[in-house]
Structure formats: C-alpha cells, structure tokens
Amino acid sequence: MLFHRLWAYWSAQQKDSLWVSAFILLLALLPLPFGGNRPWASDLLAVLSGLLLVNMLWAERNVEFISGNALRKRILTSAALFTFVVIWGFIQIIPWVPTGWQHPLWNEAANVLGPLKGSISVDPGRFPESLLRLASYVAAFLLAYGACRNAQNAKRLVHMLALAGVLYALYGIIVESTGSNMILWYKKWAYEGFVTSTFVNKNSYATYAGLSLLCCMTFLFHHFGSFVPKDPVLARSSKTMAIIASLGIRDYAYILCPILLIAALALTGSRGGTISTLLGSTAFLAAFAAHKKWKIRHWFSLLIVAGLLFLAFVGIGGETFLLRVDEQAIHNDAAMRAAGYKLTMQALHDNPWLGFGLGTFDSAFRLYRDASLPLWFHHAHNDYLEMMMDLGIPSACLLFAAMGLMISCTITGIRRRRRDGVYPALAIGASVLVGTHALFDFSMHIPAIAATYAAILGVGVAQSTSSRSSAHASEAATNKQERTRIHGNETKGHMRTTSAQSHVKPAPQMATPKPTPPLRQDKPSLSSAAATLTQAQSHHPIAAPIEIAPVTPAVQPATATEGPKPLADVATEAMIQPTEPTTPEALPEKPAGEKTKKRKKQHKKKK
C-alpha cells in the first residue's frame with residue numbers, strides 16, 4: 001500500500017511522467033544489489049534503461065530534443081566520439097584484423113592448441129558485458145537529459161537521489177553500530193569494521209555517499225532558498241537569527257540529512273572518498289557562488305563552510321577515520337598502489353595504440369603481475385590508466401573528450417543560466433568528485449555510481465540551456481504541433497468535402513437578373529448625409545465625433561414613454577414636413593389684424 005501511494009505521487013505530477021518515475025525509481029534501487037556490481041544486476045539495468053529510452057524517444061517524438069546551436073554541436077560531437085569508441089571496441093574482437101594487430105598471446109596459444117582465430121582483445125568474451133554497462137550509462141544520461149529539461153522533473157530526480165542516499169546511509173550506520181557485519185542477508189567477506197551499506201567496497205560506497213551529499217545540499221538550497229521567516233521584525237535586524245527562530249521539526253529533519261551522510265562517509269574510513277567529497281563540495285559551492293555572483297565576503301564564508309565540513313568528517317569519523325590517516329597506513333597503501341601503477345604502465349607501454357580489449361584488464365594484467373604486488377588487482381585502481389590499457393591511448397582520449405564536452409556544457413550553463421543554476425553547479429561538483437576519486441580507485445566501474453553520475457550530468461546539461469531559449473524552443477515545438485494538427489484536420493475536412501461533392505449532382509444555374517439602376521437624386525437627403533458622416537467617422541477613428549443637432553419634428557409623439565426615434569425615421573419625417581427655421585424658444589404668433597395695419601403704415605411711409 002505504501003509503495004502504491006509513493007508510485008501514485010511520483011507518477012501523477014505530469015501526463016508523461018510514467019517513464020520519468022520509472023527511471024527515478026530505477027536509479028534509487030540500483031545500489032541495493034551490491035551497488036549493481038553483479039552481471040545479472042548490470043544486465044537488468046541495461047535492459048530496463050534501454051526500454052525506458054525507447055519509451056522516452058516515442059513520447060518525445062514531436063518535441064525538439066536539443067535546443068540551442070552550441071549545445072547541439074557539443075552533444076552531437078560527443079555522440080560521434082562515443083560511437084567511434086564503440087566501433088573500435090567491436091574492431092578489437094573481430095578476427096579479420098591484420099595479423100600484426102593481433103595480440104602475441106594468440107600465436108602462443110595456437111602453437112599449443114592448434115590454429116586459432118586471433119584478435120586484438122586478449123579476452124573477447126568480456127566485451128559484451130562491458131559494452132552493455134557502457135551503453136546503460138549513456139542511456140541513463142539521455143534519460144536524465146530528456147526528463148530534466150523540465151525543471152520540475154530535475155527537482156524530483158535530485159530530491160529522490162538525496163532521499164535514497166540518506167536511507168542507504170542510515171542502513172549502513174545501523175548495521176555497523178549493531179555489530180552484525182552484514183550486507184543485506186550475506187555475511188561481510190571484506191572491510192569488516194567499516195560502513196559499506198549495500199556496497200562491498202568501502203571506497204565505492206564513499207563515492208556514492210559523496211554524490212548523495214551533493215544532491216542533499218541541492219535539496220537544502222531548494223528548501224531554504226525560498227524560506228520566509230515568521231518574524232519580519234527580527235528579520236530586519238538579523239535574517240539568520242530570524243530563520244533559526246522560524247525552523248520547525250521538518251526543517252531540522254532536513255538539516256539532519258547531510259549530517260547523517262557525513263557521518264556515514266567518515267565511518268567508511270576512505271581517504272580518497274573523503275578528500276574527493278571535500279573537493280567536490282567545494283567545487284559545487286564555488287560554481288553556485290559564481291552563478292549567483294557572490295561578493296568577496298561570501299567567498300570567505302565558503303571557505304569557512306569547507307573547513308567546517310572537514311572538521312565534521314574528522315569529528316564524526318573519530319577513531320575509524322584517524323586510523324586510516326595514520327602515516328604508516330598511508331605509506332603501505334601508497335607503496336602497493338605504486339606497484340600496481342608501475343605494472344599497468346608497463347603493459348600500456350607494450351601496447352599503447354591498440355589496447356588489450358574493452359573490459360579485459362583483469363585478464364591482461366595477469367601477464368604482468370609479479371611478486372612486487374602482494375594483493376590481486378581486478379582493477380587498476382585508476383580508471384584513466386585502466387581505460388587506456390583496455391582501449392588504447394587514442395580511443396581512451398576520445399572517450400575522455402566526449403565526457404569533457406558534456407562537462408563544458410555545465411560550465412557554460414553557470415554563466416548563461418539566469419535561474420536554476422544549482423543544477424549545473426551540482427554536475428560540476430559531481431564531476432570533480434568522481435574525477436578525483438578515479439585517480440585512486442575504480443568507482444566508475446561500479447554501475448550504481450556510474451549511472452548516478454551519468455544521471456546527475458544529464459540533469460546539469462539539460463538545465464544549462466538559457467531559460468529563455470528553452471521557453472522559445474518549447475513554444476516553437478507547441479506551435480509546430482498545433483499547426484500540424486490543424487493542417488491535418490483541414491486536409492481531412494477538404495478530402496471529405498471533395499468526396500461528398502463528387503457524389504452530388506450540380507444544380508442548374510439560374511439566370512442572374514440585371515441590377516436596377518439607382519434613382520437620380522438632385523439633392524442629398526438627410527439620411528444619406530448621416531450615412532456619409534458615419535462612414536467618414538469609421539475611416540477616421542482618431543478624429544473627434546461631430547454632434548448633429550436633433551431635428552424636432554412637427555408632430556410630437558403620442559406618449560412621453562416612447563423612446564427616441566431612429567435617425568432614418570427622423571430624416572423621413574423631416575423630408576415630409578415643411579422645413580421652417582426652428583428657434584430655441586417658440587415665439588407667440590401675431591393676430592392677422594395687426595399684420596394688416598403694419599403693412600398699411602409701411603405703404604404710407606413709402607409714398
């Protein structure tokens with residue numbers, strides 16, 4: 001019942017949010033099966049993300065997917081580079097390459113086992129799984145980009161990732177504090193005494209906790225960015241104190257979430273994860289400050305926050321963190337990693353251009369491992385060296401360039417975006433975190449981390465376009481859909497009309513009578529003058545209207561209750577009655593006798 005209500009809440013936001021909600025739920029549940037680092041889990045991720053991508057492309061088929069020429073060029077260039085990397089991965093496993101390109105191991109195997117078809121890759125069977133994982137990460141980026149062009153979907157995705165990270169951190173702390181040393185229902189077989197949550201490797205979980213912390217900081221910016229203090233009088237003197245006085249239980253719960261993530265991160269004892277998270281958090285705050293154009297005093301506040309974060313890591317981690325930063329422990333770990341890097345560089349020196357095949361590090365590294373390395377390395381503990389060894393230096397550099405183009409889009413978004421600049425800042429902080437930790441570990445080979453980072457990067461790229469251009473693009477797409485719909489309806493209506501007219505016989509044409517010529521009028525009537533005046537006023541609306549004195553008819557209306565007569569009736573009556581000059585006041589008519597006497601007097605004067 002609870003799951004049904006959550007699903008209804010997340011899917012009821014928009015009409016096309018079914019695939020959006022499914023994608024968000026997939027990202028939230030991906031860390032559950034050991035960080036997704038099992039073949040069945042990674043294959044399931046690839047299948048589900050592929051189905052969701054097809055659903056998204058169908059749902060968004062009439063909408064412009066990429067808005068902005070600069071963004072379109074970078075995305076298309078990145079897609080072309082990634083396509084070349086995939087094609088090169090296929091070339092590495094086909095047996096029809098020149099013999100000089102094939103790895104020498106195939107010749108040695110042919111001397112023992114007989115004729116064999118060689119290839120560039122030393123283990124072609126590792127390619128399908130590696131390609132599926134890489135394709136699922138690209139699908140996660142595209143899904144996040146397609147969904148998060150809408151700011152509301154971006155907010156939902158980031159908040160869900162923050163909530164999932166808090167729940168995984170709470171689970172890890174509870175399991176470690178009870179001393180059960182369990183991962184789900186399995187007994188821990190590595191890193192006992194450290195918080196790993198549902199991950200096997202504590203360093204991998206530290207990277208995921210760092211990404212969750214960045215999402216949680218974004219959530220706090222959303223929540224407290226529009227926070228209104230309850231006491232406006234106190235806010236005039238001190239806004240900070242007014243906000244603290246207005247906090248409720250829910251607000252304190254939100255503040256507790258990043259503290260919980262910091263505690264889980266510190267209890268992992270991962271030096272690389274802690275340092276990477278500090279650098280990523282600083283980069284996130286710096287990018288957001290650049291977007292908001294903070295002043296110098298705000299930058300000092302930023303340094304203070306970074307220092308408080310470091311003290312929180314040390315204080316909450318306690319003995320667990322301090323044991324990991326011991327000088328002897330650092331020396332031993334650095335010596336072991338240096339030995340592994342040296343052997344990886346030796347393999348890279350032997351085959352720098354063609355590589356050993358995508359996903360074949362574990363198989364190829366066995367050819368170079370010696371007694372200088374006490375532990376077994378399934379990964380190079382440096383994602384850059386491992387990708388160069390797998391793909392070769394040129395192809396690996398193309399893959400890095402494709403990712404760099406997407407990161408550059410978020411940097412551009414910091415400068416151009418007017419609002420919601422927290423999302424490009426989040427992508428920049430996540431890129432710094434993951435990029436730094438990739439120097440010391442193999443976190444990008446864990447599906448939960450790689451897919452989460454790809455989704456965050458997709459959110460940042462989607463929200464890096466100017467809000468005005470995005471609005472214009474969506475308005476243009478809507479107008480295009482409306483024009484297409486109207487044109488289709490008109491076409492169907494015209495076809496129906498044509499088909500209906502084709503079955504109806506035309507009626508016989510009647511002779512058109514000639515128009516009667518108008519009567520000649522020597523003098524214009526009052527009605528024609530009024531009509532001419534009305535027409536002139538309609539052609540010149542700016543001119544002031546001319547008032548016409550009402551014509552008083554000789555015959556008064558029978559009742560006083562009748563309204564004023566129309567202008568045409570008044571004009572008709574005026575034409576029928578004799579026209580006499582009217583005066584404001586009616587003069588009394590003189591008797592006939594007085595008129596006769598006056599005429600006689602005038603006649604006598606003339607004589």
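Heads up: numbering here begins at 1 and tracks the sequence. Please read these numbers as outputs of a predicted model, since none were measured by experiment.
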**Complete:** For D390 and G359, the nearest pair of non-hydrogen atoms, with its separation, is OD2-N, 3.5 Å
**Request:** Nearest 0.5 Å please: distance from the CZ atom of F365 over to the NE2 atom of H379.
**Result:** 12.5 Å
**Request:** Could you check if a side-chain atom of T452 sits within less than 4.5 angstrom of a side-chain atom of L30, using non-hydrogen atoms only?
**Result:** no
**Asked** Can you check whether L279 reaches L433 side chain to side chain, under 4.5 Å on heavy atoms?
**Response** no
**Request:** Kindly say whether the aromatic ring centers of F361 and F442 come within a distance under 6.0 Å.
**Result:** no
**Asked** Counting N and O atoms only, with roles assigned by atom type, does the side chain of R133 sit under 3.5 Å from a partner on the main chain of S42, one being a donor and the other an acceptor?
**Response** no
**Message:** Surrounding CG of L184 (heavy atoms of other residues, nucleotides or ligands, distance under 6.0 Å), is the total greater than 12?
**Reply:** yes
**Message:** Let me confirm one number: the OG-CG distance from S130 to L358, rounded to the nearest 0.5 Å.
**Reply:** 4.5 Å
**Closest contact, heavy atoms only, M406 versus R74** = CE-O, 3.6 Å
**Prompt:** What are the two closest heavy atoms between S197 and Y205, and how far apart are they?
**Reply:** CB-CE1, 3.5 Å
**Message:** Suppose the criterion is salt bridge (Lys or Arg N to Asp or Glu O under 4.0 Å): which pairs have a residue in residues 430-439, not counting sequence neighbours?
**Reply:** none
**Item:** Test item: T268 and T196 side chains (from C-beta on) under 4.5 Å apart, heavy atoms
**Value:** no
**Item:** Check: S212 and L161 side chains under 4.5 Å, non-hydrogen atoms
**Value:** no
**Asked** Which pair of non-hydrogen atoms, one from L157 and one from A144, has the smallest distance, and what is that distance?
**Response** CD1-CB, 4.5 Å
**Of all pairs that satisfy salt bridge (Lys or Arg N to Asp or Glu O under 4.0 Å), the ones with a partner from residues 179-200, not counting sequence neighbours** = E176-K188
**Y145 and F141 aromatic ring geometry - parallel, tilted or perpendicular at 30°/60° bounds** = parallel
**Request:** Taking all heavy atoms of S270 and all of T274, pick out the closest pair and write down the distance.
**Result:** O-OG1, 2.7 Å
**Prompt:** So Y208 and F199, would you call those rings parallel, tilted or perpendicular, with 30° and 60° as cut-offs?
**Reply:** tilted
**Prompt:** Should we say atom CZ of F84 is surrounded by more than 12 heavy atoms from elsewhere, each under 6.0 Å from it?
**Reply:** no
**Donor-acceptor pair, side chain of N150 and main chain of Q152, under 3.5 angstrom** = yes
**Prompt:** Hey, are the side chains of V200 and W189 touching, using non-hydrogen atoms and a 4.5 Å cut-off?
**Reply:** yes
**Fill in**
dist T178:OG1 -> I174:CD1 (nearest 0.5 Å) comes out at 8.0 Å
**Complete:** CG of N55 to CG of L18, rounded to nearest 0.5 Å, is 7.0 Å
**Item:** Check: F34 ring centroid to Y186 ring centroid under 6.0 Å
**Value:** yes
**Request:** Go through the side-chain N and O atoms of S431 and Y453 and say whether any donor and acceptor fall under 3.5 Å apart.
**Result:** yes
**Asked** Between atom CG of L143 and atom CD1 of I24, what is the distance when rounded to the nearest 0.5 Å?
**Response** 10.5 Å
**Message:** If you apply the rule side chain to side chain contact (heavy atoms under 4.5 Å, CB included), what do you find for F284 with F221, and how did you get there?
**Reply:** CA-CA 12 Å; F284 165 69; F221 273 113; 3.5 Å; yes
**Asked** Taking it one step at a time, do T344 and N382 satisfy side chain to side chain contact (heavy atoms under 4.5 Å, CB included)?
**Response** CA-CA 10 Å; T344 305; N382 186 310; over 6 Å; no
**Asked** Is any side-chain heavy atom of M387 less than 4.5 Å from a side-chain heavy atom of M444?
**Response** no
**Prompt:** Of the non-hydrogen atoms in S78 and L405, which two are nearest, and what is the gap between them?
**Reply:** N-CD1, 3.9 Å
**Message:** Using side chain to side chain contact (heavy atoms under 4.5 Å, CB included), reason through L53 and M56 one step at a time and then give a plain yes or no.
**Reply:** CA-CA 5 Å; L53 183 61; M56 183 201 74; 3.7 Å; yes
**Request:** Starting at CD1 of I428, measure out to OG of S464 and round the result to the nearest 0.5 Å.
**Result:** 7.5 Å
**Asked** Should H381 and M336 be marked as a side chain to side chain contact (heavy atoms under 4.5 Å, CB included) after you check the CA-CA gap, both sets of side-chain angles, and the distance that decides it?
**Response** CA-CA 11 Å; H381 289 264; M336 182 181 61; over 6 Å; no
**Asked** Taking C-beta and beyond as the side chain, do L163 and F219 meet within less than 4.5 Å on heavy atoms?
**Response** no
**Message:** I'd like to check P447 versus Y137 (side-chain heavy atoms, cut-off strictly below 4.5 Å). Are they in contact?
**Reply:** yes
